Amino acid sequence: MAIKYTAKVIEHFKNPHNIGIIENADACATEGSPACGDEITVYLKIDKATDRIEDVKFQSYGCASNIATGSIITDLAKGKTIDEAEAITWKQAADELGGLPPVKMHCSVLAVDGLRSAIRKYKKEMKGIDYDSTLDVKTVTEELKHVLWPPVGVDIITLKMVKYIGIDQGAVRVEVSVGSDDKFLDPTVNEIIEHVSKIRGVKSVNVENV
Ligand code: FES
């Protein structure tokens, strides 16, 4: 079945804003999506006196939704302070585009993760703010808000699919409740593992469908 996009998604896909590379960028980060394996790289030029984003560009190796979201979030981020731009959410980006099909919501998560990761890199290098989070239930919960359930494009925490998070000396156990024969189970389990593995201190991740 063909995926339906809004006119705004198509417009930003066909004529994306802020595509390219910034030579001598103050920060640059590449993020990959566990959901589809695609990547985005975001470059930032920042006014060091005011912490405002003077310029931002991106390169996408993703799909139309990712390119459109990259286009819209770089528009939103330009001229903002790094703190303001870091607060841009994938939901906000999708809303600005007039909505994305549920199975394509993860593409906007990827674009926002790319921007956020570049900002955090800058903060770490220039200001010594270390965002490598500590391992606790709250951090795992926050990370799982980036894992979407494809049929509806909503995160698994909001959908109350996560029933339990347990941590024992770096071993993380996540219990989810998903129909047993659902075709989205395996990709979602893999996505949970990839996301949680990124947290500092995680030694293993075990996901059970209960
Ligand atoms: Fe990979 Fe959209 S399917 S970014």
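Just so you know, ligand 1 is whichever comes first in the structure, and atom 1 is the first atom listed for that ligand. Just so it is clear, the model here is predicted, and its values are computed rather than measured.
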Asks: Atom 2 (Fe) of ligand 1: which protein N, O or S atoms are under 2.8 Å away?
Replies: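 Per the 2.8 Å query on atom 2 (Fe) of ligand 1, atoms found are C63 SG, C107 SG.
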Asks: Give me the atom names and distance for the closest heavy-atom approach of I156 to L144.
Replies: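 Residues I156 and L144, closest heavy atoms: CG1-O, 3.6 Å.
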Asks: Using the salt bridge (Lys or Arg N to Asp or Glu O under 4.0 Å) criterion, which residues pair with E142? Sequence neighbours excluded.
Replies: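 In terms of salt bridge (Lys or Arg N to Asp or Glu O under 4.0 Å), with neighbours along the sequence ignored, E142 is linked to K145.
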Asks: When V207 is tested against each of N190, I193, T188 for side-chain contact (heavy atoms from CB on, under 4.5 Å), which residue passes?
Replies: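 That would be I193; it is the only one of N190, I193, T188 passing the side-chain contact (heavy atoms from CB on, under 4.5 Å) with V207.
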Asks: Provide the closest heavy-atom pair for D26 versus I46 in the form atom of the first, atom of the second, distance.
Replies: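 Nearest pair, atom of D26 first, then I46: OD2-N, 2.7 Å.
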Asks: Which residues satisfy the side-chain contact (heavy atoms from CB on, under 4.5 Å) test with A111, sequence neighbours excluded?
Replies: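 For A111 the side-chain contact (heavy atoms from CB on, under 4.5 Å) partners, ignoring immediate neighbours, are I40, N66, T69, I73.
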Asks: Please, which pairs that meet side chain to side chain donor-acceptor pair (under 3.5 Å) have at least one residue in residues 106-116, sequence neighbours excluded?
Replies: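 Every pair satisfying side chain to side chain donor-acceptor pair (under 3.5 Å) with a residue in residues 106-116: D113-H146.
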